[in-house]
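Notes for the one structure printed next.
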Amino acid sequence: MRSVIRDLPGSKIREVANAGMGRDDVLAFWFGESDEPTPAFVRDAAIESLNRGETFYAHNLGLPELRVAIAKYTSALHPAVAADRIAVTSSGVSALMLAMQALAGAGDEVVAVVPVWPNLTAQPAILGANVKRISLRSPNRGRTSAPGQAEPGWHLDMDELLSTVTERTSVLLVNAPNNPTGWTLTRDEQQTMLDHCRKTGTWIVADEVYERLYFVEGAKTAPSFLDIATPDDRLVVVHSFSKSFLMTGWRLGWMVAPADFIADIGKLIEFNTSCAPVFVQKAGLAGLAHADEFVPGLVQRMKACRDTLVPQLAAVPGVHVANPLGGMYAFFRVDGQADSLAYAKHLVASVGLGIAPGAAFGDEAEGWLRWCFASKDPGRLTLGVERLRQAIRSHPL
Ligand SMILES: Cc1ncc(COP(=O)(O)O)c(C=O)c1O
């Protein structure tokens with residue numbers, strides 16, 4: 001066994017979840033998914049496909065009709081993208097791994113903006129690449145805000161990014177809207193990064209799986225690198241059916257990249273998963289066919305969840321939280337609680353509240369906690385905040 005695999009850290013989110021295993025009184029907000037099941041029109045499409053006996057291997061790059069549908073969906077949100085720039089993958093995380101396998105080998109340098117979902121930084125490490133971390137700046141800890149008022153969010157130090165990404169950097173990894181902080185990129189920041197990476201010859205791998213979960217009035221998506229890049233730029237944009245179509249368990253995603261890069265990715269898919277299952281792809285096709293009716297409603301429900309949770313959290317004495325513009329997470333800290341793993345375990349044990357420890361996303365996020373607010377019942381969020389208050393009351397700061 002290679003030592004890099006043996007030394008992979010176990011998931012700290014799982015560690016907290018395991019502490020609540022077998023208890024049905026726990027309100028769980030630890031994983032990054034809604035408790036709302038996949039819509040019926042998606043499930044029905046998969047059932048119909050299975051009933052037709054569509055159980056065979058398929059194209060490496062995805063069903064041609066799905067690639068066309070993804071290109072059409074993408075082109076409705078961003079400048080036009082052709083189907084030969086799309087690869088269908090067995091999940092977003094698989095698309096990220098494929099991009100990394102294609103771009104970063106042993107000894108190569110990968111720069112990642114963190115804190116971030118740990119898979120993004122583990123993948124290049126598994127491949128033997130050297131990962132340099134650029135930490136987002138956390139909100140000012142000393143700042144006090146009015147009760148019930150969310151604080152300013154995390155932000156990027158662009159000068160640090162520009163001096164860290166050099167000709168030696170193979171890949172710049174950016175996830176925005178960001179899991180866990182809710183940080184989003186501005187168009188100007190994207191342009192600066194793209195201009196810089198064009199000069200250094202660095203590929204940008206942009207994880208935009210939360211692009212539709214963006215709560216700015218009038219915007220259909222968060223700012224995307226696809227809006228400003230040319231078809232030949234060294235850019236891979238990773239997407240997923242998991243978040244916008246409530247399909248976490250199906251394992252279906254895609255990437256958008258230059259056409260010649262996608263042709264090579266087809267070969268790489270052969271050696272990873274060979275193809276995504278046809279009935280899952282048919283389900284994805286049904287999701288895209290109904291995207292215009294379904295996704296805006298989902299975004300409104302998620303926004304209502306955010307607007308339920310964040311002000312209530314901000315009103316708890318000792319709690320500091322920013323209002324996320326995108327994603328499905330409230331990222332917060334509680335005065336006096338510096339060990340996020342210990343505190344998350346304590347919350348499960350003492351009041352049955354299940355949230356993810358910031359430490360799961362890197363040392364930069366130690367002392368923070370991540371609360372996934374995606375729920376079909378915002379009342380659960382209110383109940384959860386009451387449990388947090390109870391925990392803080394019984395252990396005064
Ligand atoms: C930032 C980020 N990228 C990618 C993914 C991968 O999604 P999936 O593998 O379910 O498509 C997730 C899932 O939580 C995520 O948070």
Side-chain angles (χ1 to χ4, degrees), residues 11-14 17 28-38 42 62 66 70 86-101 110 112-124 126 133 136 154 171-185 204-214 221-222 224-225 236-256 269 272-273 276-277 280-281 283-284 287-288 298 302 324-331 355-358 360-362 364-365 370-374:
S11 162
K12 292 193 173 77
I13 303 178
R14 288 272 172 199
F29 305 103
W30 37 45
F31 296 137
E33 61 185 351
S34 174
D35 52 4
E36 194 177 333
T38 307
V42 172
L66 181 55
I70 292 172
I86 308 290
V88 176
T89 58
S90 299
S91 74
V93 70
S94 178
L96 286 164
M97 190 62 165
L98 289 161
M100 253 334 121
Q101 288 172 348
V110 172
V113 178
V114 297
V116 76
W117 190 52
N119 299 37
L120 267 83
T121 46
Q123 290 173 335
I126 287 168
R133 302 171 73 90
L136 295 170
W154 292 62
V171 179
L172 170 62
L173 255 178
V174 197
N175 162 231
N178 174 261
N179 173 11
T181 63
W183 166 73
T184 53
L185 271 167
I204 296 175
V205 174
D207 177 338
E208 299 186 357
V209 304
Y210 295 103
E211 77 157 355
R212 300 300 304 270
L213 304 184
Y214 188 59
T221 72
S224 166
F225 280 98
V236 181
V237 178
V238 169
H239 279 283
S240 172
F241 283 86
S242 289
K243 313 293 174 177
S244 315
F245 297 94
L246 300 175
M247 289 179 68
T248 47
W250 297 72
R251 317 312 300 132
L252 191 62
W254 73 90
M255 70 169 78
V256 187
I269 288 175
N272 279 267
T273 52
V280 172
Q281 295 193 58
L288 293 176
L298 177 73
M302 295 268 192
L325 293 184
M328 47 166 72
Y329 310 101
F331 207 49
I355 45 187
F361 307 91
E364 305 82 7
R370 189 197 73 174
W371 185 317
C372 176
F373 53 70

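Counting starts at 1 for both ligands and their atoms, following the listed order.
Checking side-chain atoms of Gln123 against main-chain N and O of Val93 turns up a donor-acceptor pair under 3.5 Å. A donor-acceptor pair under 3.5 Å is formed between the side chain of Lys243 and the backbone N or O of Gly32. When atom types are taken as modelled, the side chain of Thr38 and the backbone of Leu246 share a donor-acceptor pair closer than 3.5 angstrom. Between the side chain of Asn179 and the backbone N or O of Trp117 there is no donor-acceptor pair closer than 3.5 Å.
Remark: ligand 1 and Gly92 share an N or O pair separated by less than 3.5 Å (distance only, no angle test). Looking at ligand 1, you'll find an N or O of Asp207 within less than 3.5 Å of one of its N or O atoms. For ligand 1, the polar-atom distance check against Asn175 finds no nitrogen or oxygen pair separated by under 3.5 Å.
The side chain of Ser242, and not its backbone, has at least one atom closer than 4.0 Å to an atom of ligand 1 (non-hydrogen atoms only; side chain from C-beta on). Contacts with ligand 1 closer than 4.0 Å are made by side-chain heavy atoms of Tyr210 only, the backbone lying farther away.
The aromatic rings of Tyr210 and Tyr329 stand perpendicular to each other, their planes meeting at an angle above 60°, with 30° marking the opposite boundary.
When hydrogens are left out, the protein atom nearest atom 7 (O) of ligand 1 is Ser240 OG, 4.0 Å; that is the closest non-hydrogen contact. Distance from atom 13 (C) of ligand 1 to its nearest protein heavy atom, with residue and atom name: Lys243 NZ, 3.1 Å.
Looking at Trp254, Phe241, Trp117, Phe361 and measuring to atom 12 (C) of ligand 1, the nearest heavy atom belongs to Trp117.
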- request: Assess whether side chain to side chain contact (heavy atoms under 4.5 Å, CB included) is satisfied between Val205 and Met255, documenting all intermediate values.
  value: CA-CA 10 Å; Val205 174; Met255 70 169 78; over 6 Å; no
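Atoms of ligand 1 lying under 4.0 Å from at least one heavy atom of Val209, given by number and element, are 2 (C), 3 (N), 4 (C). Under a 4.0 Å criterion applied to the non-hydrogen atoms of Arg251, ligand 1 contributes the atoms 8 (P), 9 (O), 10 (O).
Aromatic rings from Trp250 and Phe245 are positioned such that their centres are separated by 6.0 Å or more.
Contact analysis leaves Glu33 out of contact with ligand 1, as no non-hydrogen atom separation drops below 4.0 angstrom.
Within the 4.5 Å cutoff, the side chain of Pro177 has no heavy atoms near those of the Leu213 side chain.
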